[in-house]
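Step one of this worksheet: look at the structure below.
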Amino acid sequence: MSQFTKNAITGQTLVQEIKKEKTFVFFRRISLGLMSCLFGNLGFAQVIAWDFGSETENKFPSVIIANVSVSELKVNNNNGDRTDLLTTVSPSGGYTGATGNFNAGAAVPVQTFNTATNTYFEFTLTPDQGFSLTINSINFGSRSTGTGPQAYSIRSSLDSYNSDVATGNFNPNSTWRLFTNSNLSVSNTNAVTIRIYGFNNTGSPGKNVANWRIDDLTLNITLVPVIQSYRSRQDGNWKNVSTWESSADGVKWNSAVTFPSKDDGSILIRQGHTVAVNNTVDLDEVIVQGTLELQNGGVLNIYDGEGDDLEIAGNGNLKIITSSNFATAIKGTGLSTIHVLTNGKITVGNGTSVGSGYEELATSDKNKWDNGSIFEYNSSSIFSISGLIFFPNATTSEIPIFRVTKIGGSVAAPKDFFLNGLMEVNADLTFTGAGKKNIRNGIRGNALLTQLNAGKLVLNGDQAILEGSSLRINLAQPMDLALSTIIPTGTYVTILGSNISNSSRTLTINGVLDMTTSTINNTSGTININGTYRTAHSGGFSGGSSSIPSDKNIFINAGSTIELYSNTDQNLNARKDFSNLTFSGSGRKVPSGPFNPAGTVTIKD
């Protein structure tokens, strides 16, 4: 908040000086109703004025404005113990607009300037929350006797009274004169106290004798609304004011007097807080670090402003539990955007049914999904994928996650489906239909993914993973692997039904891959085995009619394990590069030729 020092102008009439300032002065005879009519518009000059009373004394201003509280006038550091601030002794006169009658008097001792000991008049202005005030001018009539102050300094609490806002000189001849101090800029959104110090006396002033008087103290004020920022202070409903606190500067926070909307500044839902929406809310510049919960009856109108209009931060969650459909419950204007950051999440459902269409949040090209962001489906309803592209703006270095925690039935895709990210299957999920299911970055989870009908699974990225402590994939059609597919350490992946195509591709097994009786087409491909490869295929591990019919480019590395676990007879291929071998299941293991494992041979069951 800035303050500027201006020298006072003296010896002119009140009307002349105020005209120069392009403002107006009203005296106590003008009604507050007319005052409100003329100065009711925020952002225009308004007036606060003291005339100290006519028939009775009044320490409070006789002209006030809306949305500002004004204290009474006080005097401090009198010479002696003088207590009668207002009297009718030596009434004001000699300048146009002088009101006479009561004035404020002070007994000033002989002193050079010292804010700790100088005599001063003081008042405080407090703007209502949500407003900022600026003092543009401070004008007052003054009378200084022969022993009274010869100079004054106006200072403010904004810098603890350390610098001048305005200064001027008095002629100590017991004559009333007008002093105007214009072109000031004392601004604040909180309370500001103004002091008018008198000093540089001469002679021998008597104690308790008023040698300095002021009257017709007039302030020119500009009052403007301040854009408030909001943040949650506790769990609660969006439209409950107790849910929020607000700030004009982002530093000092107060309990809110209203709930936030699109026309306010930034709106933050803090970590650990849940803000519920069960009616219509207009929003912009919202950051969710906690949970924003869209309930039945709730409507989010997301407006297009600067930057992200709704940001889901890391560990934040937009949770949708309404039975209304997407088109009814979430509405955007213009190019309004939702940005989900790393570890941020949009969750559809809480285990029960929800409205339809919320996959639009993940398929809209207006929304942004960062690496590691999460779109979670957790409902007994069913989402749509046919002909859709999930995370259409995700670059190859950005891997959002489509997580399925609960689903109420099979998901049909008569048209191709594309997922530019990772599929996470934590509940049994079945894809049907002739459309291909193109998943760029792989599949992970601890449940069963079933592919039925002609629409096969395709890992269509350059790099993909198959990951999870108990991921099972049941295929009706061969699944095409990515250019490079990795089964990470600690993973246990089971393939059921149809086969895997690794043609002209690379498969690296660091965890456990259980192929059951399925096969891998490895024509011109490469398989690197660092972990465990399990097969119940009657033809054994590799070669001819086996789990991997092609013997080429299979690298069984040191420390790896090949396990044959069929309950029926199973071939043991003649290879010289086995590391560890494990035989399990009740079926015989029949060697087709010599084999020479470099590690151990373990027989179970």
Side-chain angles (χ1 to χ4, degrees), residues 342-343 345 347 351 362 369 371-379 383 385 390-391 394 398-407 410-411 417 419-431 437-452 456-502 505-518 520 527-536 547 560-561 563 565:
T342 299
N343 293 321
K345 181 169 63 173
T347 302
W369 294 80
N371 183 53
S373 57
I374 302 165
F375 178 73
E376 179 178 15
Y377 198 83
N378 180 27
S379 171
F383 56 81
I385 62 171
F390 280 63
F391 315 127
E398 295 170 332
I399 306 177
I401 300 164
F402 184 179
R403 175 181 295 165
V404 179
T405 304
K406 186 173 182 178
I407 183 77
S410 299
V411 179
F417 152 64
L419 170 59
N420 291 333
L422 183 65
M423 189 86 214
E424 183 174 308
V425 183
N426 294 329
D428 291 352
L429 172 64
T430 299
F431 287 145
K437 289 73 180 177
N438 299 279
I439 303 173
R440 189 183 71 183
N441 298 105
I443 304 166
R444 76 180 184 190
N446 301 304
L448 173 64
L449 174 61
T450 300
Q451 174 267 314
L452 298 178
K456 65 180 181 179
L457 293 175
V458 179
L459 305 186
N460 64 330
D462 291 340
Q463 294 183 324
I465 61 171
L466 295 173
E467 182 182 36
S469 61
S470 58
L471 175 64
R472 291 158 291 148
I473 302 175
N474 190 4
L475 303 170
Q477 300 292 331
M479 178 172 71
D480 293 345
L481 297 185
L483 289 177
S484 174
T485 301
I486 297 175
I487 298 175
T489 302
T491 288
Y492 196 115
V493 177
T494 301
I495 304 297
L496 304 162
S498 190
N499 308 318
I500 288 178
S501 175
N502 191 51
R505 285 158 167 73
T506 299
L507 171 63
T508 301
I509 304 167
N510 296 325
V512 177
L513 174 60
D514 185 350
M515 287 299 298
T516 62
T517 59
S518 300
I520 298 178
I527 299 176
N528 297 306
I529 303 174
N530 302 306
T532 299
Y533 186 100
R534 301 185 77 232
T535 178
S547 183
S560 64
T561 298
E563 181 174 355
Y565 69 94

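Using a 4.5 Å heavy-atom cutoff, the side chains of I473 and L466 are in contact. You'll find the side chain of I439 stays beyond 4.5 Å of the side chain of V458, heavy atoms only. Between I520 and I527 the shortest side-chain heavy-atom distance falls below 4.5 Å. Taking the side chain as every heavy atom from C-beta outward, F375 and R403 never approach each other to under 4.5 Å. L483 places none of its side-chain heavy atoms less than 4.5 Å from the side chain of L459. For the pair I385/F431, a side-chain contact is recorded, criterion being any heavy-atom separation below 4.5 Å from C-beta on.
Under the side chain to side chain contact (heavy atoms under 4.5 Å, CB included) rule, L457 has a single partner from L481, D480, L449, I500, which is L449.
Expressed to the nearest 0.5 Å, how far NZ of K456 lies from CG of N499 amounts to 11.0 Å. Separating the CD1 atom in I509 from the OG1 atom in T485 is a distance of 10.5 Å, to the nearest 0.5 Å. Interatomic distance, L452 CG to S410 OG, rounded to the nearest 0.5 Å: 6.5 Å. With values rounded to the nearest 0.5 angstrom, N378 atom CG is found 10.0 Å from I407 atom CD1. Between the NZ atom of K345 and the OG atom of S373 there is a distance of 12.0 Å, given to the nearest 0.5 Å. We find the CG-CD1 distance between L422 and I443 to be 8.5 Å, quoted to the nearest 0.5 Å.
Between F402 and F383, the ring centre distance stays below 6.0 Å. With ring centers used as reference points, F417 lies under 6.0 Å from F390.
Minimum heavy-atom separation, P488 to I486: CD-O, 3.4 Å. Here the closest heavy-atom approach between residue A476 and residue S498 is recorded as C-CB, 3.9 Å. Nearest approach of I529 to S560, heavy atoms of both residues: O-CB, 3.4 Å. The two residues L471 and G445 make their nearest non-hydrogen contact at CB-O, 3.4 Å.
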Worked check of side-chain contact (heavy atoms from CB on, under 4.5 Å) between T561 and Y533: CA-CA 6 Å; T561 298; Y533 186 100; over 6 Å; no

Verdict with supporting geometry, N530 and T508, side-chain contact (heavy atoms from CB on, under 4.5 Å): CA-CA 8 Å; N530 302 306; T508 301; 3.8 Å; yes

Residues L507, L513; criterion side-chain contact (heavy atoms from CB on, under 4.5 Å); working and verdict: CA-CA 11 Å; L507 171 63; L513 174 60; 4.2 Å; yes

Derivation of the side chain to side chain donor-acceptor pair (under 3.5 Å) call for T405 and E376: CA-CA 7 Å; T405 304; E376 179 178 15; 2.5 Å; yes

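Residue pairs meeting the side-chain hydrogen bond (donor to acceptor under 3.5 Å, both in side chains) criterion with at least one partner in residues 486-496, sequence neighbours excluded, are Y492-D514, Y492-R534. Residue pairs that meet the side-chain hydrogen bond (donor to acceptor under 3.5 Å, both in side chains) test with at least one member in residues 438-451, sequence neighbours left out, are E424-R444, N446-S469.
Of the possible polar contacts, one joining the T342 side chain to the N371 backbone as a donor-acceptor pair under 3.5 Å is found. Checked by atom type and distance alone, the side chain of S518 pairs as donor or acceptor with a backbone atom of G497 at under 3.5 Å. A donor-acceptor contact shorter than 3.5 Å is absent between the side chain of S547 and the backbone of T535. In terms of modelled atom types and a separation under 3.5 Å, the side chain of K406 and the main chain of G351 share a donor-acceptor contact. A distance-only check finds a donor-acceptor pair linking the side chain of T516 to the backbone of I495 [under 3.5 Å].
Side-chain contact check for Q463 and S484: no donor-acceptor pair (N or O, by modelled atom type) lies under 3.5 Å.
Partners of D428 according to the side chain to side chain contact (heavy atoms under 4.5 Å, CB included) rule, which considers only residues two or more places apart in sequence or in another chain, are A447, L448, R472.
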